[in-house]
Engineer: 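Handing you this structure, nothing more for now.
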Amino acid sequence: MVVHSRPTLEGMNTKLLLTLAILLAGVWGAWIAGKRSKCGWGGGLAIAFAVVAALFILVNIGIAGCVSAKLCVSGGDTDLSYVAYPVFAFPIYWVLARLAASVSKGSS
């Protein structure tokens, strides 16, 4: 006898998908902030730092919410590894903010 159950998210790494979605939002945030500020490399560094700090908090809140909503299973201390992803993306945000500023300067 085959018992069919409704599909769950247990087979997927929901926390990783959530973290990657937040990191993609950071790409957008760094681009927009860089474009508006028309910053140099130092300004891009400040923007990247602010984006990483915001994403660090968002990933924490997102994973806690995911576990509370029972969409994710708590991994205990291993959940902290997801919080480090925005830090790893810091150079990407820095370059994106600076690139957006240079594109914006060239078009104005």
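Reckoned from all heavy atoms, side chains included, excluding hydrogens, waters and symmetry mates.
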Engineer: Write down the atom of Pro86, the atom of Val59, and the distance for their closest heavy-atom approach.
Structural biologist: CG-CG2, 4.0 Å
Engineer: Between the main-chain N or O of Val73 and the side-chain N or O of Lys15, is there a donor-acceptor pair closer than 3.5 Å?
Structural biologist: yes
Engineer: For Trp31 and Leu96, work out which heavy atoms get closest and say how close.
Structural biologist: CE3-O, 3.7 Å
Engineer: Membership question, hydrophobic clusters at under 4.5 Å side-chain separation (ILVMFWY): are Ile32 and Leu99 in the same one?
Structural biologist: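 Yes: a chain of side-chain contacts under 4.5 Å links Leu99 to Ile32.
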Engineer: Looking only at non-hydrogen atoms, find the nearest pair between Val27 and Tyr93 and report the distance.
Structural biologist: N-CE2, 3.4 Å
Engineer: Any side-chain heavy atom of Tyr82 within less than 4.5 Å of one from Leu18?
Structural biologist: no
Engineer: Using side chain to side chain contact (heavy atoms under 4.5 Å, CB included) as the criterion, point out the one residue from Ile22, Asn60, Val87 that pairs with Leu55.
Structural biologist: Ile22
Engineer: Got a donor-acceptor contact below 3.5 angstrom from the Arg98 side chain to the Cys39 backbone?
Structural biologist: yes
Engineer: Please report the shortest heavy-atom distance between Val51 and Gly29, naming the atom on each side.
Structural biologist: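 Val51 and Gly29 have their closest heavy atoms at CG2-C, 4.4 Å.
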Engineer: Got a second to check how far Ile61's CD1 is from Ser68's OG, nearest 0.5 Å?
Structural biologist: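 So the CD1 of Ile61 and the OG of Ser68 are separated by 11.5 Å.
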Engineer: Drop me the distance from Asn13's CG to Thr19's OG1, to the nearest 0.5 angstrom.
Structural biologist: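 One gets 8.0 Å once the value is rounded to the nearest 0.5 Å.
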Engineer: Between Ser37 and Ile47, is there a side-chain heavy-atom distance shorter than 4.5 Å?
Structural biologist: yes
Engineer: Indicate if Leu20 and Phe90 have the same hydrophobic cluster label, given that clusters are the connected sets of ILVMFWY residues with side-chain heavy-atom separations under 4.5 angstrom.
Structural biologist: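 Linked, Leu20 and Phe90 end up in one cluster.
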Engineer: For Trp41, is the CH2 atom crowded, meaning more than 12 foreign heavy atoms sit under 6.0 Å from it?
Structural biologist: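 Yes - once you tally the heavy atoms of other residues, nucleotides and ligands closer than 6.0 Å, there are more than 12.
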Engineer: Starting from Leu45, can I reach Val103 by hopping between I/L/V/M/F/W/Y residues whose side chains sit under 4.5 Å apart?
Structural biologist: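 Result: yes, single cluster for both.
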Engineer: Are Phe49 and Trp28 connected, step by step, through hydrophobic side chains (Ile, Leu, Val, Met, Phe, Trp, Tyr) whose heavy atoms are closer than 4.5 Å?
Structural biologist: yes
Engineer: Do Trp94 and Val52 make a side-chain contact, defined as non-hydrogen atoms from C-beta onward lying under 4.5 Å apart?
Structural biologist: no
